[in-house]
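Please read the structure below before turning to the comments.
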Amino acid sequence: MARERRSGGRNSKASRGNGTIPQLPWQDVINPYPPMQILDEEQMNAIHKTSMRILSELGIRVMGDDVMDFFQAAGAIVNREENVIRLDESIVNAALATVPSSFTLTSRNRSKRLQIGGNHLTFGLVAGPPNVHDRINGRRSGNMSDYENFIKLAHHFNAIHLIGNQVVSPMELPAGSRHLDTYFANLTLSDLCFHCTAIGAGRAIDGINMMAISRGETLEQMKTDPGVITIISVNSPRLFDDQMGEGLIAMAKHGQPVTITPFTLMGAMTPVTLAAALAQQNAEALFGIVLTQLVNPGTPVMYGAFTSNVDMRTGAPAFGTPENTKANIIAGQLARRYNIPYRTSNANASNTVDLQAAYETGMATWGAVMGGGNMIYHAAGWLEGGLTSSLEKLVLDVEILQNMMEFLKPVPFTEDDLGFEAIAAVNTGGHFFGSEHTMARYKTAFYQPMLSDWQNHENWELAGGKDAVERATEIWQKALEEYVEPRLEPAVREALVSYVAKRKDEIGTGEP
């Protein structure tokens with residue numbers, strides 16, 4: 001896979017922050033390695049069988065008549081007094097037979113179309129925190145100005161492929177219509193695909209409509225070439241709320257991809273053992289996956305996993321733990337068992353951008369990648385267990401993601417790469433710094449970091465002695481200076497403005 005770099009070597013001005021920020025080009029990231037497997041076939045069968053028992057004997061509680069109608073029509077046992085649905089394995093298998101093994105997401109910039117499934121890997125921006133933090137302004141409630149800065153950074157950094165749902169919630173805007181403002185920012189300040197909100201049908205349909213407007217297409221055209229995605233979060237244990245059900249149904253009817261993600265914390269939302277947590281996660285995920293196919297067979301869907309543990313002393317969520325990393329890998333095995341694209345995450349629980357944030361994110365990222373993840377959600381900017389979006393953490397994460405992208409790059413093995421003639425040309429005890437082989441490759445031989453500082457201690461002190469967090473602050477500020485808004489036809493912008501105004505009026509008068 002060809003890769004170009006925008007600036008020079010280790011001690012170039014760019015690597016010191018005075019020139020263009022060095023980064024990898026936009027690319028389709030391919031994982032060439034076989035996914036890691038922790039469980040054997042017998043253990044995988046045990047999880048599957050337990051999941052089927054959960055679905056058929058215990059069932060899933062559902063808040064929503066429409067969801068119950070779909071399952072009843074498919075032959076499931078629906079208890080409308082208790083709002084519990086029980087389904088057997090035949091219904092699950094019939095639905096799995098129509099799930100696509102891969103799909104594409106097309107933004108308004110078709111050159112940034114995403115391939116989801118197989119050995120393709122995409123990275124998503126953080127989503128959902130109510131707070132935002134940076135070293136200059138401190139921790140504060142989310143607001144639209146910060147939201148727009150995150151979208152600009154997502155557009156600027158090529159390692160970020162997908163905008164998450166409300167990267168940071170703009171708390172000053174009305175809750176019922178703020179999704180329109182965030183969608184508008186997504187489509188005007190970037191040209192990436194985005195995750196739309198599926199809390200009810202209206203927010204989901206707004207996202208579909210606005211992406212269609214930006215592409216100059218109809219909803220019918222969007223059905224066969226989706227451009228937005230959503231995540232349906234099951235309320236573990238075994239509860240599917242009505243708003244999420246409505247959002248899922250709206251997305252599936254319009255052919256847009258849905259990711260079913262149980263939020264399962266061992267010791268809180270599931271039993272404390274990993275095997276039990278995975279069996280429950282699997283049952284909840286399969287329930288939502290089946291629903292997408294009952295609504296519209298062939299709807300693109302992802303197997304989502306977000307299983308980790310809690311701190312048993314305090315009950316606080318923990319991420320980037322050994323248990324979380326194992327869960328990331330095993331969930332990938334389950335997704336492949338059902339031939340469904342896999343969504344995972346690389347979260348951390350640190351309250352600040354520090355060593356903990358780095359090693360927990362690194363641990364979780366390895367589990368997500370080696371587990372065969374197709375989409376790593378919350379991959380850039382997540383902090384404080386998901387309560388805060390951090391600008392410095394975004395920069396740290398982009399560095400982690402770029403390192404991973406370079407790790408996934410196949411090792412070239414031509415005769416020239418093996419370098420026998422280069423070895424022969426240097427005397428024993430000599431060095432290769434000035435050799436012809438080195439001089440022909442020194443600018444592109446190695447990954448050039450964006451954040452790391454490889455100077456010796458003396459030069460590092462002379463340059464200000466800045467640690468990685470201080471350098472990250474400079475980088476996000478520099479990135480905002482370098483940011484160039486992607487072109488959008490004036491007529492398309494005006495159509496989006498009109499749509500937002502119309503929908504805000506409708507929402508203000510109580511329409512869905």
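Just so it is clear, the model here is predicted, and its values are computed rather than measured.
- Atom CG in Asn186 sits 9.0 Å away from atom CD in Gln166 (nearest 0.5 Å).
- The list of side-chain hydrogen bond (donor to acceptor under 3.5 Å, both in side chains) pairs with a residue in residues 370-379, not counting sequence neighbours, reads His195-Tyr377.
- Heavy-atom minimum distance, Ala479 versus His156: CB-CD2, 3.6 Å.
- In this structure, the side chains of Ile199 and His179 stay at 4.5 Å or more apart for every pair of heavy atoms.
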Hey, mind stepping through Met251 and Thr299 against side-chain contact (heavy atoms from CB on, under 4.5 Å) and telling me if it holds? CA-CA 9 Å; Met251 290 287 286; Thr299 294; over 6 Å; no
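- The two residues Glu384 and Asn351 come nearest to each other via the heavy atoms CG-OD1, 3.3 Å.
- Residues Ala327 and Leu274 share a closest heavy-atom pair of CB-CD1, 4.0 Å.
- No option in Thr188, Ile213, Leu187 other than Thr188 meets the side-chain contact (heavy atoms from CB on, under 4.5 Å) test with Arg493.
- A donor-acceptor pair under 3.5 Å is formed between the side chain of Glu399 and the backbone N or O of Leu451.
- A distance-only check finds a donor-acceptor pair linking the side chain of Glu360 to the backbone of Ala349 [under 3.5 Å].
- The ring pair (Phe, Tyr, Trp, His ring centres under 6.0 Å) pairs that include a residue from residues 198-250 are Phe240-Phe287, where partners are two or more places apart or lie in different chains.
- Checking side-chain atoms of Tyr483 against main-chain N and O of Leu189 turns up a donor-acceptor pair under 3.5 Å.
- Taking the side chain as every heavy atom from C-beta outward, Val126 and Leu394 never approach each other to under 4.5 Å.
- Between Tyr303 and Tyr338, the ring planes lie parallel to each other; the angle is under 30°, not in the 30° to 60° tilted range.
- Listed here is the closest heavy atom pair of Thr307 and Ala277: CG2-CB, 4.1 Å.
- Considering every non-hydrogen atom in both Gly202 and Arg503, the closest pair reads O-NH2, 4.3 Å.
- Look at Lys326 and Glu323 and you find no salt bridge, because none of the NZ, NE, NH1 or NH2 atoms lies under 4.0 Å from a carboxylate O.
- Electrostatic pairing of Glu506 and Lys502 counts as a salt bridge here, judged by a charged N lying under 4.0 Å from a carboxylate O.
- Of the residues listed (Asp397, Asn403, Ile400), the one engaging Thr365 in a side-chain contact (heavy atoms from CB on, under 4.5 Å) is Ile400, and it is the only one.
- At distances below 3.5 Å, at least one donor-acceptor pair connects side-chain atoms of Asn31 with backbone N or O atoms of Val369.
- Judged purely by atom type and a 3.5 angstrom limit, Asn79 uses its side chain to pair as donor or acceptor with the backbone of Glu82.
- For the atom pair Lys253 NZ and Leu248 CG, the distance stands at 11.0 Å (nearest 0.5 Å).
- Evaluation of the side-chain hydrogen bond (donor to acceptor under 3.5 Å, both in side chains) rule for His254 yields no partner, not counting sequence neighbours.
- Salt bridge status for Glu489 with Arg487: present, with a side-chain N to carboxylate O gap under 4.0 Å.
- Within the structure, salt bridge (charged side-chain N to carboxylate O under 4.0 Å, His left out) pairs that include any residue of residues 121-134 comprise Asp134-Arg140 (at least two apart or interchain).
- Side chain of Thr218 to backbone of Gln221: a donor-acceptor contact under 3.5 angstrom is found.
- For the pair Arg108 (side chain) and Ser190 (backbone), a donor-acceptor distance under 3.5 Å is present.
- With rounding to the nearest 0.5 Å, the separation of CZ in Phe319 from OG in Ser350 is 12.5 Å.
- Between the side chains of Glu284 and Gln280, at least one donor N or O sits under 3.5 Å from an acceptor N or O.
- In this structure the side chain of Arg343 never reaches within 4.5 angstrom of the side chain of Ile116, judged on heavy atoms.
- A donor-acceptor pair under 3.5 Å links the side-chain atoms of Ser308 to the main chain of Ala318, judged by distance alone.
- Looking at residues two or more places apart in sequence or on another chain, you find a side-chain hydrogen bond (donor to acceptor under 3.5 Å, both in side chains) between Thr98 and Gln293.
- For Asn165 and Thr197, the side-chain atoms include at least one donor-acceptor pair closer than 3.5 Å.
- For the residue pair Arg215 / Thr106, no side-chain donor-acceptor distance below 3.5 Å is found, with atom types taken as modelled.
- A distance of 7.5 Å separates CG of Leu180 from OG1 of Thr182, quoted to the nearest 0.5 Å.
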Check against side-chain contact (heavy atoms from CB on, under 4.5 Å), Ile30 and His120: CA-CA 5 Å; Ile30 302 293; His120 296 270; 3.3 Å; yes
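- Side chains of Gln27 and Asn158 form no contact here, defined as non-hydrogen atoms less than 4.5 Å apart.
- Between the side chains of Asp206 and Tyr183, no donor-acceptor pair is found at a separation under 3.5 Å.
- Counting only N and O atoms by type, the side chains of Lys393 and Thr361 include a donor and acceptor under 3.5 Å apart.
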Check step by step if side-chain contact (heavy atoms from CB on, under 4.5 Å) holds for Asn131 and Val168. CA-CA 7 Å; Asn131 304 302; Val168 58; 6.0 Å; no
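- Residues satisfying the side-chain hydrogen bond (donor to acceptor under 3.5 Å, both in side chains) test with Arg61, not counting sequence neighbours, are none.
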Test side-chain contact (heavy atoms from CB on, under 4.5 Å) on Met211 and Gln256; report intermediate values, then the result. CA-CA 11 Å; Met211 178 58 81; Gln256 303 305 296; over 6 Å; no
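- The minimum heavy-atom distance linking Pro237 with Met269 is given by the pair CB-O, 3.6 Å.
- For the side-chain contact (heavy atoms from CB on, under 4.5 Å) with Val67, the qualifying choice from Asp242, Val62, Leu294 is Val62, the only one to do so.
- Within the 4.5 Å cutoff, the side chain of Val99 has no heavy atoms near those of the Asn339 side chain.
- The side-chain contact (heavy atoms from CB on, under 4.5 Å) test with Thr473 singles out one residue from Glu470, Arg471, Gln477, and that residue is Gln477.
- Put simply, the side chain of Thr230 gets close to the backbone of Cys196: a donor and an acceptor are under 3.5 Å apart.
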For Gln72 and Arg80: C-alpha separation, side-chain torsions, deciding distance, then whether side-chain hydrogen bond (donor to acceptor under 3.5 Å, both in side chains) applies. CA-CA 10 Å; Gln72 188 163 12; Arg80 292 184 182 265; 2.8 Å; yes
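- Side-chain atoms of Asn328 come within 3.5 Å of backbone atoms of Ser345 as a donor-acceptor pair (strictly under, hydrogens ignored).
- Rounding to the nearest 0.5 Å gives a distance of 10.0 Å between CD of Gln115 and CZ of Phe103.
- The neighbour count for Leu355 CG, taken as heavy atoms of other residues, nucleotides or ligands under 6.0 Å away, does not exceed 12.
- Residue Asn309 holds its CG atom at 9.5 Å from OG1 of Thr270, rounded to the nearest 0.5 Å.
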